[in-house]
Amino acid sequence: MKQYTPLPIPKDSAWERKTWRFYTPIWLKNFIDGVANLIKWAPLIYKDRNWDYRYIYDMLEFKLLQQRNCLVKANRHMNTPETNYYITVCLNLLQRIKEDHYGCEYFDYHKTDIEFVPVEGRDVYTLESTTVWEKFDMYLAKYPLQVKKILKKDPELEEDKHRLCLYVGRENEERANSLLFKIMSEKLREWWD
């Protein structure tokens with residue numbers, strides 16, 4: 001899984017830099033920026049499909065990367081370190097959501113052998129699984145608040161640790177999704193240059 005780190009903040013700001021953009025008319029800068037955007041977004045648009053939420057997250061991730069690069073590189077306002085931090089947090093949350101990190105995390109805490117067994121007298125197979133080892137207690141100990149919340153809703157899950165771990169993973173994924181959009185709803189208006 002890709003892990004984003006905050007970008008290094010330049011010592012100077014865009015106000016102090018006298019590059020070619022400083023001497024270029026606004027209409028030409030807008031045209032150049034528009035063409036550059038078409039080129040940057042083209043590969044993502046080409047791969048975009050409408051059947052899965054993942055593509056929305058891909059676009060959001062790409063936009064946040066572009067926004068963070070622009071704001072940090074310009075370094076024009078006092079909140080640049082905070083903006084850099086929160087956009088990086090959002091990018092990392094997006095990665096975890098897209099890669100289903102929390103939904104699959106509990107797989108690291110057990111090993112199951114799976115085999116297909118033919119059904120006698122028929123041309124079909126059944127799936128038989130055997131748990132080789134499990135450390136679900138270690139996994140559940142990492143998330144005591146989520147376990148407590150889930151067991152409060154459904155106390156019978158305490159007997160089936162495998163399902164309980166599945167529910168904890170789902171709960172953590174929902175929390176990551178909520179945190180992502182909570183940060184964005186509170187901080188998004190501050191991310192401008």
Side-chain angles (χ1 to χ4, degrees), residues 1-9 37 39-73 80-116 127 129-151 153-154 157 160-188 190-191:
M1 177 173 42
K2 187 186 293 185
Q3 181 74 26
Y4 290 101
T5 56
L7 295 175
I9 299 172
N37 279 338
I39 293 168
K40 278 191 288 191
W41 280 88
L44 188 65
I45 299 296
Y46 179 77
K47 291 185 258 178
D48 182 38
R49 300 295 180 265
N50 297 319
W51 61 68
D52 193 357
Y53 67 90
R54 162 103 187 219
Y55 297 102
I56 295 170
Y57 284 135
D58 287 341
M59 293 217 171
L60 182 58
E61 179 183 15
F62 186 79
K63 181 58 183 171
L64 287 175
L65 276 170
Q66 300 305 313
Q67 189 88 15
R68 182 181 73 156
N69 290 342
C70 175
L71 295 176
V72 171
K73 185 178 174 186
T80 300
E82 181 181 317
T83 299
N84 189 12
Y85 171 78
Y86 280 113
I87 294 178
T88 303
V89 168
C90 288
L91 288 168
N92 286 321
L93 285 169
L94 272 168
Q95 276 300 307
R96 287 173 179 254
I97 293 167
K98 283 175 29 179
E99 299 295 325
D100 196 21
H101 171 77
Y102 295 109
C104 297
E105 182 183 15
Y106 78 96
F107 289 136
D108 296 337
Y109 293 86
H110 76 97
K111 179 168 176 31
T112 304
D113 283 341
I114 298 173
E115 68 176 303
F116 292 97
L127 178 74
S129 64
T130 309
T131 301
V132 178
W133 57 265
E134 57 94 358
K135 298 178 183 174
F136 289 140
D137 291 329
M138 284 177 58
Y139 174 74
L140 296 172
K142 285 176 64 175
Y143 304 109
L145 296 176
Q146 287 71 31
V147 170
K148 186 176 177 181
K149 180 179 177 181
I150 292 166
L151 289 177
K153 290 180 193 173
D154 189 358
L157 283 174
D160 188 356
K161 288 185 181 177
H162 189 271
R163 277 189 51 219
L164 180 59
C165 291
L166 178 70
Y167 280 63
V168 168
R170 219 180 272 164
E171 176 71 23
N172 285 336
E173 193 160 332
E174 288 297 320
R175 290 178 59 227
N177 206 40
S178 296
L179 180 59
L180 168 67
F181 288 105
K182 182 175 182 174
I183 291 171
M184 288 182 63
S185 71
E186 290 180 9
K187 302 292 183 182
L188 191 65
E190 299 171 14
W191 300 343

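Remember, it's a predicted structure, so these values are computed and weren't measured experimentally.
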Closest heavy-atom pair, P144 versus A141, reported as atoms and distance to 0.1 Å, is CD-O, 3.4 Å
With rounding to the nearest 0.5 angstrom, report the CG to CZ distance, L94 to R54.
10.5 Å
For L93 and I183: C-alpha separation, side-chain torsions, deciding distance, then whether side-chain contact (heavy atoms from CB on, under 4.5 Å) applies.
CA-CA 11 Å; L93 285 169; I183 291 171; 4.3 Å; yes
Kindly write out the residues that satisfy side-chain hydrogen bond (donor to acceptor under 3.5 Å, both in side chains) with Y139, not counting sequence neighbours, or none if the list is empty.
none
Could you note down all residue pairs passing ring pair (Phe, Tyr, Trp, His ring centres under 6.0 Å) where residues 161-188 supplies at least one of them, sequence neighbours left out?
Y106-H162, H110-H162, F136-H162
Going by atom types alone, do T88 and R68 pair a side-chain donor with an acceptor below 3.5 Å?
yes
For N84 and L7, the nearest pair of non-hydrogen atoms, with its separation, is ND2-O, 2.7 Å
Rounded to the nearest 0.5 Å, what separation is found between the CG atom of L91 and the CD atom of Q3?
10.5 Å
Could you walk me through whether Y55 and K47 satisfy the side-chain contact (heavy atoms from CB on, under 4.5 Å) test, starting with their C-alpha distance in whole Å, then the side-chain angles of each, then the deciding distance to 0.1 Å, before giving a yes or no?
CA-CA 9 Å; Y55 297 102; K47 291 185 258 178; 5.6 Å; no
Smallest separation among heavy atoms of I114 and S129, with atom names:
CG1-CB, 4.2 Å
Which residue pairs pass the salt bridge (Lys or Arg N to Asp or Glu O under 4.0 Å) test with at least one member in residues 129-143, sequence neighbours excluded?
E105-K142, D137-K161
I'd like to check the salt bridge (charged side-chain N to carboxylate O under 4.0 Å, His left out) partners of K149; sequence neighbours left out, ordered by chain and number.
E171
E82: what forms a side-chain hydrogen bond (donor to acceptor under 3.5 Å, both in side chains) with it, not counting sequence neighbours?
K187
For N177, which residues count as a side-chain hydrogen bond (donor to acceptor under 3.5 Å, both in side chains) partner, sequence neighbours excluded?
Y57
Roughly how far, to the nearest 0.5 Å, is CG of N69 from CD of Q67?
10.0 Å
How would you list, by chain and number, every residue that makes a salt bridge (charged side-chain N to carboxylate O under 4.0 Å, His left out) with E173, sequence neighbours excluded?
none
If you round to the nearest 0.5 Å, how far is CZ of R170 from CG of D100?
10.5 Å
What is the minimum heavy-atom distance between Q146 and V168, and which atoms define it?
CB-CG1, 4.3 Å
Which distance, rounded to the nearest 0.5 Å, do you find between the NE2 of H101 and the CD of Q95?
11.5 Å
Listed once per pair and sorted, the salt bridge (Lys or Arg N to Asp or Glu O under 4.0 Å) pairs that draw on residues 84-94, sequence neighbours left out:
none
With sequence neighbours excluded, tell me which residues meet salt bridge (charged side-chain N to carboxylate O under 4.0 Å, His left out) with D113.
K111
Considering non-hydrogen atoms only, spot the tightest contact between L164 and L157 and give its length.
CB-O, 3.8 Å
Which heavy atom of M59 sits nearest to which heavy atom of L44, and what is that distance?
CA-CD2, 3.8 Å
Taking everything shown except K98 itself, do over 12 heavy atoms lie less than 6.0 Å from its NZ?
yes
Return the OH to CZ distance between Y102 and R175, rounded to the nearest 0.5 Å.
8.0 Å
Apply side chain to side chain contact (heavy atoms under 4.5 Å, CB included) to I39 and list each qualifying residue two or more places apart in sequence or on a separate chain.
V35
I'd like to know whether W41 forms a ring-ring contact (aromatic ring centres under 6.0 Å, His included) with F62, so could you lay out the CA-CA distance, the side-chain angles of the two residues, the decisive distance to 0.1 Å, and finally the verdict.
CA-CA 9 Å; W41 280 88; F62 186 79; 4.6 Å; yes
Taking C-beta and beyond as the side chain, do Y4 and V89 meet within less than 4.5 Å on heavy atoms?
no
C70: which residues meet the side chain to side chain contact (heavy atoms under 4.5 Å, CB included) condition with it, sequence neighbours left out?
none
List in chain and number order the residues that pass side-chain hydrogen bond (donor to acceptor under 3.5 Å, both in side chains) with N92, two or more places apart in sequence or in another chain; answer none if no residue qualifies.
none
